[in-house]
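Working notes, structure below.
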Amino acid sequence: MPKNDIRINFELFQILNEDGRIVNTRDMPQLKNDDIKRMYELMVLARVFDDTALKLQREGRLLTYASLQGQEASQIGSAIALQKEDWFVPSYRENGVFIARGHPMDMLYQYWAGDERGMDKLDSINGLPVAIPVGSQIPHAVGIAWANKLLGKRSVAAVYFGDGATSKGDFHEGVNFAGVFQVPCVFICQNNQWAISVSRKKQTASETIVQKAIAYGIEGVLVDGNDVFAVFKVVRDAVERARSGKGPTLIECYTYRMQNHTTADDWKKYRSEEEVERWKQKDPIERLKKYMESEGIWDENYEKMVWDDARTQVSEATRKFESVEPPSPLDMFKDVYGKLPPEIEEQRKDFE
Amino acid sequence: MPKNDIRINFELFQILNEDGRIVNTRDMPQLKNDDIKRMYELMVLARVFDDTALKLQREGRLLTYASLQGQEASQIGSAIALQKEDWFVPSYRENGVFIARGHPMDMLYQYWAGDERGMDKLDSINGLPVAIPVGSQIPHAVGIAWANKLLGKRSVAAVYFGDGATSKGDFHEGVNFAGVFQVPCVFICQNNQWAISVSRKKQTASETIVQKAIAYGIEGVLVDGNDVFAVFKVVRDAVERARSGKGPTLIECYTYRMQNHTTADDWKKYRSEEEVERWKQKDPIERLKKYMESEGIWDENYEKMVWDDARTQVSEATRKFESVEPPSPLDMFKDVYGKLPPEIEEQRKDFE
Amino acid sequence: MTRMNLVQAINLALKQEMERDSTVVLMGEDVGKDGGVFRVTEGLWQQFGDSRVIDTPLAEVGIISVAIGMAIAGMKPVTEVQFDGFSLPMLDQLYNHAGRMRKRSQGKYHVPLVLRIPHGGGIRALEHHSESLETFFTHIPGIKVVAPSGPYNAKGLLVSSIRDPDPVVFLEPKRVYRAIKEEVPEEEYEIPLNKAEVVQEGSDITVIAWGAMQKIVREAIEQLNGKYSIEIIDLLTLYPLDRNTVIDSVKKTGRCVVVQEAPRTCGYGAELIATINEKALLSLEAPVQRVTGYDVPMPLPKLENYYIPDATRINKAIETVMSF
Amino acid sequence: MTRMNLVQAINLALKQEMERDSTVVLMGEDVGKDGGVFRVTEGLWQQFGDSRVIDTPLAEVGIISVAIGMAIAGMKPVTEVQFDGFSLPMLDQLYNHAGRMRKRSQGKYHVPLVLRIPHGGGIRALEHHSESLETFFTHIPGIKVVAPSGPYNAKGLLVSSIRDPDPVVFLEPKRVYRAIKEEVPEEEYEIPLNKAEVVQEGSDITVIAWGAMQKIVREAIEQLNGKYSIEIIDLLTLYPLDRNTVIDSVKKTGRCVVVQEAPRTCGYGAELIATINEKALLSLEAPVQRVTGYDVPMPLPKLENYYIPDATRINKAIETVMSF
Ligand SMILES: Cc1ncc(C[n+]2csc(CCOP(=O)(O)OP(=O)(O)O)c2C)c(N)n1
Ligand SMILES: Cc1ncc(C[n+]2csc(CCOP(=O)(O)OP(=O)(O)O)c2C)c(N)n1
Ligand SMILES: [Mg+2]
Ligand SMILES: [Mg+2]
């Protein structure tokens with residue numbers, strides 16, 4: 001039989017290990033202390049935002065909510081690796097990315113309370129709205145990247161999705177287009193080990209997600225998704241690679257969903273306490289904190305300040321969110337077409 | 001950056017080289033002379049069937065037709081590697097497979113003349129009907145294989161598709177299921193280098209089709225699709241592997257579509273004469289003939305007999321095809337549901 | 001008899017059919033250990049194991065198309081899609097293959113599968129979770145479309161759907177899942193897939209609805225306090241349609257309101273009106289009124305209740321027809 | 001003015017729009033060098049090159065969904081799908097995204113793309129090549145659906161579709177591609193996407209059709225040799241529908257026949273009848289008759305002519321209505 005010579009070893013790229021030590025100085029990006037602090041502060045902010053969301057949901061003020069806890073390094077590390085002119089195309093779990101890009105937190109709450117106005121103004125930060133149908137947003141990013149290329153813009157598109165999304169045809173068709181047309185698109189898969197109750201192993205028989213890049217002839221990188229430096233470095237490199245016309249990259253951020261899938265879920269039904277406990281030890285925020293402490297840019301005062309500040313911002317957002325007027329029912333008929341067709345005009349009149 | 005250790009070298013598996021010499025005695029399957037003659041005779045039969053189809057189409061007696069010329073080794077070699085109990089799931093170009101499985105040639109003509117009755121009786125040979133929507137049949141084979149596994153049957157499913165089909169979501173979702181559930185399915189991609197006017201290179205940026213197996217964690221084999229021994233060997237091994245519970249295989253038969261895509265097509269618009277000429281030198285039938293001659297199991301008499309016999313069979317099929325009564329318009333209303341719903345009952349009455 | 005909600009009734013039907021017929025398998029995302037996002041398959045994985053209650057990869061085309069293959073080869077897959085919006089990628093395989101395999105194979109193969117879809121809005125769910133897509137399914141030749149409205153009929157209709165030799169799309173009114181309880185026999189029973197139910201007889205006007213709209217219609221009519229003698233029809237099955245029951249009723253009452261949650265244009269209600277036009281035009285004393293969703297995307301929860309037909313709109317339509 | 005067939009008219013419209021607006025790109029399988037399976041894009045790759053006339057991989061979901069992204073980011077993709085049956089996988093992205101992106105982004109993004117589909121049967125093509133799927137498209141909020149019937153209106157409607165800020169499904173009557181020639185202006189012109197055309201005025205009965213059925217209707221009516229005064233309406237755009245033209249006509253004639261190639265149940269004709277019921281019931285002197293395809297899979301060529309509405313069936317329906 002054929003003597004195939006196949007070796008597929010994607011190294012799990014890491015800079016900061018679980019003890020908060022730099023294990024890869026060569027690749028450590030040049031970051032000023034303020035940059036590192038900004039990473040930390042954004043990760044904490046995302047965590048506080050998230051905790052508050054879970055609380056608001058329990059109190060019935062949000063409908064449901066998809067927590068990002070455990071994925072802060074993947075989201076913040078990647079988001080700040082993008083330039084302002086770059087596009088981001090999220091799934092539904094990217095609250096951290098939204099926050100890092102500057103989308104108002106009160107509007108995120110508003111969205112998760114079932115108010116579509118929470119997705120307003122994304123054009124000012126080159127973002128697409130939350131995409132619920134898993135994987136469906138992936139080809140949109142390819143199209144955006146391609147348009148930018150055709151229009152001679154320097155902008156890159158980064159698209160976020162989960163491990164489960166890689167099973168969808170939209171992933172396949174979209175990434176294949178990206179390979180064929182060499183569009184400046186970065187595919188960021190947050191492999192958080194679960195698609196609701198379906199484990200990564202039951203999602204696909206491939207040993208890693210990243211090796212799917214081979215099917216499309218594009219670059220692939222496997223990165224420790226709980227290591228904000230590694231994620232930042234890998235995404236920045238992929239983005240610059242894309243920007244300079246060298247084509248798309250599939251990045252697998254190896255990470256973990258520490259909470260329930262959404263607030264409608266109960267993870268105790270399908271995964272073990274031990275597993276969750278094990279991953280808690282890898283908490284991306286803790287890890288960065290240890291590093292900062294060892295570098296002398298973290299102390300209890302700073303810690304208090306960061307969390308207090310995050311809490312203040314989030315309370316402010318909560319307050320704002322809670323004081324927003326309910327949408328007008330007539331909004332239903334808005335933004336369906338550029339110009340309302342007579343059918344809907346009549347239905348609207350009927351409604352009034 | 002990560003030090004990935006990736007090496008993807010799928011050897012193009014060959015037994016019989018272009019000069020008709022065995023270059024790989026170790027892997028040469030044990031075939032009796034009669035087996036080899038059967039291969040040759042089926043390939044010739046497929047060629048004569050095909051040539052006649054093209055003629056019938058030019059004369060307006062078929063509507064359109066998708067030629068298999070150049071792909072005889074891929075089709076016959078694979079088809080005879082299956083057991084009777086195994087299923088085959090074709091696309092539209094598998095006339096050779098249909099013939100090898102014993103589907104009456106007159107019925108194939110009938111089908112290509114736009115008469116659906118040409119796809120009758122496939123249950124007797126475990127075949128699905130011609131599938132036109134590219135790639136859509138792939139997951140059906142996965143389901144059939146899976147059912148056989150669940151029902152404790154020994155049967156394997158083999159599914160045929162082209163290089164173009166690998167770009168479809170159906171391919172992706174279907175093969176991924178096969179990997180996850182380890183179903184006894186063999187995926188036979190006849191990479192004939194073209195999807196109508198789109199070349200293999202423009203179809204996907206991956207260097208080979210076979211490497212897509214890596215994305216699904218399944219076995220992959222690249223085989224010279226113009227070498228009937230190699231195809232036979234590779235498919236038989238994959239089928240037995242599947243049968244013994246060792247999981248699915250993706251086989252890339254590297255071959256060439258020597259004719260137009262279908263009779264509606266004109267290849268001169270998008271590919272060079274040289275390319276076509278080059279591949280003519282690799283004609284799978286010629287190659288086998290040379291081998292048989294060197295083995296002393298071919299001579300001019302035999303050759304004449306084989307072609308005469310094929311022509312007789314095909315004329316007989318043509319005659320039968322041409323004498324078939326046109327279908328009854330009422331057939332339209334047949335086989336839509338197990339029991340005709342009143343809506344259609346009424347429509348049928350209305351029609352009469 | 002036990003009092004059950006719709007989730008329990010469907011769960012019981014699945015359990016009994018699986019016990020009865022070993023070729024029945026459940027397939028879908030999170031239908032196993034997790035018991036499904038609506039807990040409809042709860043306990044079944046524990047009873048029947050991995051090979052009968054199958055957690056699939058996240059791939060709706062994969063689910064339906066692999067199930068087609070399984071059905072051809074002798075299984076009876078009961079597939080689940082989590083929410084309406086995610087069933088759209090399945091239309092291709094439903095149209096081109098599931099509904100057509102019998103024809104394509106000259107009757108030699110058939111596709112006895114069920115596609116269960118939690119249907120419609122009203123549970124304050126996310127975007128794409130609350131659509132009403134029955135038009136898409138009823139327009140596909142070779143498919144049956146079933147729309148239960150409560151626990152009792154859901155159980156009997158699901159049993160019939162599983163036993164049916166053809167592909168059946170089974171639309172479960174998700175807002176009714178836990179909203180009502182009914183007496184449901186423990187033993188198995190079938191409700192035929194070609195019969196509508198006259199829920200309440202009346203002589204002034206016919207109100208037709210299916211699925212979750214039944215409940216709304218009944219509540220609306222209750223508010224009218226017997227002002228009119230209203231005949232209520234619950235279609236139960238959308239294709240084939242029990243046209244006799246519809247036509248007989250409209251011929252009797254001469255007036256009709258059709259209630260549909262889906263967007264108005266090309267909704268299933270249009271088909272009902274076309275049928276009435278063809279078979280009972282002369283009996284009509286007023287135009288049939290449609291109470292429908294609007295030709296706009298299903299709004300997010302803050303506005304969904306303005307979109308979904310409610311008692312006010314239904315009764316307004318009844319008044320319009322009665323006072324025509 | 002030049003005499004052109006429909007293929008030439010569309011080709012010219014594409015060429016002129018591409019010359020006029022550099023953000024217009026064509027995307028599809030074999031649209032480049034090959035000029036498309038119907039040769040509609042012939043010569044355009046030669047003129048505009050690889051980056052404007054794009055041969056895509058064989059992936060319909062990819063085509064439409066990548067085009068959505070392109071449209072959001074400032075391009076105007078004109079996509080092509082080769083045959084009707086292959087457009088079905090696109091419904092998901094059309095419904096969940098193309099028709100909804102404006103809403104989802106609170107009006108900040110819109111999706112100005114065109115999806116060209118050669119529509120319907122009658123060219124003796126393979127299975128899945130001849131379906132009539134307009135119901136699916138017209139039922140999707142946020143999408144416009146255009147159905148030209150001849151070279152002249154095809155050119156003007158395509159120009160309008162390309163310039164429209166919303167996603168437009170453009171159904172090209174494939175059996176008409178080369179069947180008729182008309183005078184078509186060389187210069188560009190638009191035909192608005194909300195106007196039906198009264199092709200022939202009449203007072204006895206209204207016959208409504210769109211796309212390829214227009215030709216059949218006109219031929220059928222010719223055979224009647226002026227027996228009745230027939231008003232013929234060519235809808236041109238299915239959504240939004242020019243209801244005024246339809247209603248005014250039916251109010252005038254009191255009788256109506258609707259001709260649709262698609263399967264009967266939940267076809268677009270049902271919507272027309274529902275609309276007529278709502279706005280012109282009192283004017284009706286007979287039930288509106290539907291002449292339609294049947295609720296069965298589109299037959300292969302040997303039988304397709306029995307399936308597609310023809311002059312005999314149309315005239316029979318006219319007689320039925322007239323003699324009611
Ligand atoms: C097409 C589609 N099918 C099903 C769902 C329901 N659903 C929501 S999230 C989810 C799991 C997604 O897993 P993954 O892609 O790994 O992302 P994660 O939630 O882990 O971030 C499922 C099945 C959906 N939203 N879209
Ligand atoms: C889903 C779908 N899209 C488009 C077509 C039209 N079409 C028929 S064959 C073909 C090319 C197929 O190429 P490939 O898969 O390589 O198979 P080959 O014809 O080379 O055997 C296309 C685009 C189709 N039949 N199905
Ligand atoms: Mg996940
Ligand atoms: Mg090919």
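All chains are named by letter (A, B, ...) in the order of the sequence lines, taking the proteins before the strands, and each is independently numbered beginning at 1.
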Side chain, backbone, both or neither: which part of [X] has a heavy atom under 4.5 Å from chain D?
X	value
T275(C)	both
A280(C)	neither
L300(C)	neither
M298(C)	both
Y239(C)	side chain
L241(C)	neither
F137(C)	neither
E60(C)	neither

Item to check | Option in L281(C), D295(C), T265(C), I273(C) with maximal non-hydrogen atom pairs under 4.5 Å from chain D | outcome: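 Result: the option with the highest number of such pairs is T265(C).
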
Checklist entry - Looking at K279(C), M90(C), E127(C), which has the largest count of heavy-atom pairs under 4.5 Å with chain D? => result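 Ranked by contacts with chain D, first place is E127(C).
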
Next on the checklist: Applying side chain to side chain contact (heavy atoms under 4.5 Å, CB included) to V296(D) and R100(C), what does each step give before you reach the verdict?
Outcome noted: CA-CA 9 Å; V296(D) 306; R100(C) 201 158 182 153; over 6 Å; no

[X] [atom1] to [Y] [atom2] distance, which is reported to the nearest 0.5 Å:
X	Y	atom1	atom2	value
L88(C)	L94(D)	CG	CG	9.5 Å
Q289(C)	E278(D)	CD	CD	6.5 Å
L133(C)	I140(D)	CG	CD1	9.5 Å
N96(D)	D84(C)	CG	CG	10.0 Å
D92(C)	D92(D)	CG	CG	11.0 Å

Checklist entry - Between L284(D), V258(D), I276(D), T135(D), which shows the greatest number of heavy-atom pairs under 4.5 Å with chain C? => result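 With the most close heavy-atom pairs to chain C, the winner is T135(D).
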
Item to check | Sidechain-backbone polar pair: N277(C) side chain, P287(D) backbone, donor-acceptor under 3.5 Å | outcome: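 Not at all, since once roles are kept as given, no pair shorter than 3.5 Å links the two residues.
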
Checklist entry - If we only count heavy atoms from C-beta on, is the H128(D) to Y95(C) side-chain gap below 4.5 Å? => result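 No, their side chains stay 4.5 Å or more apart.
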
Checklist entry - At their closest point, which heavy atom of C266(C) faces which heavy atom of E271(D), and how far apart are they? => result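 Nearest pair, atom of C266(C) first, then E271(D): N-OE1, 2.7 Å.
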
Next on the checklist: Looking at every non-hydrogen atom in both residues, tell me the closest pair between P141(D) and P297(C) and how far apart they are.
Outcome noted: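 Heavy-atom minimum between the residues: CB-N, 3.6 Å.
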
Item to check | Contacting moiety of E131(D), where chain C heavy atoms sit under 4.5 Å | outcome: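 When you check distances to chain C, only side chain atoms of E131(D) fall under 4.5 Å.
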
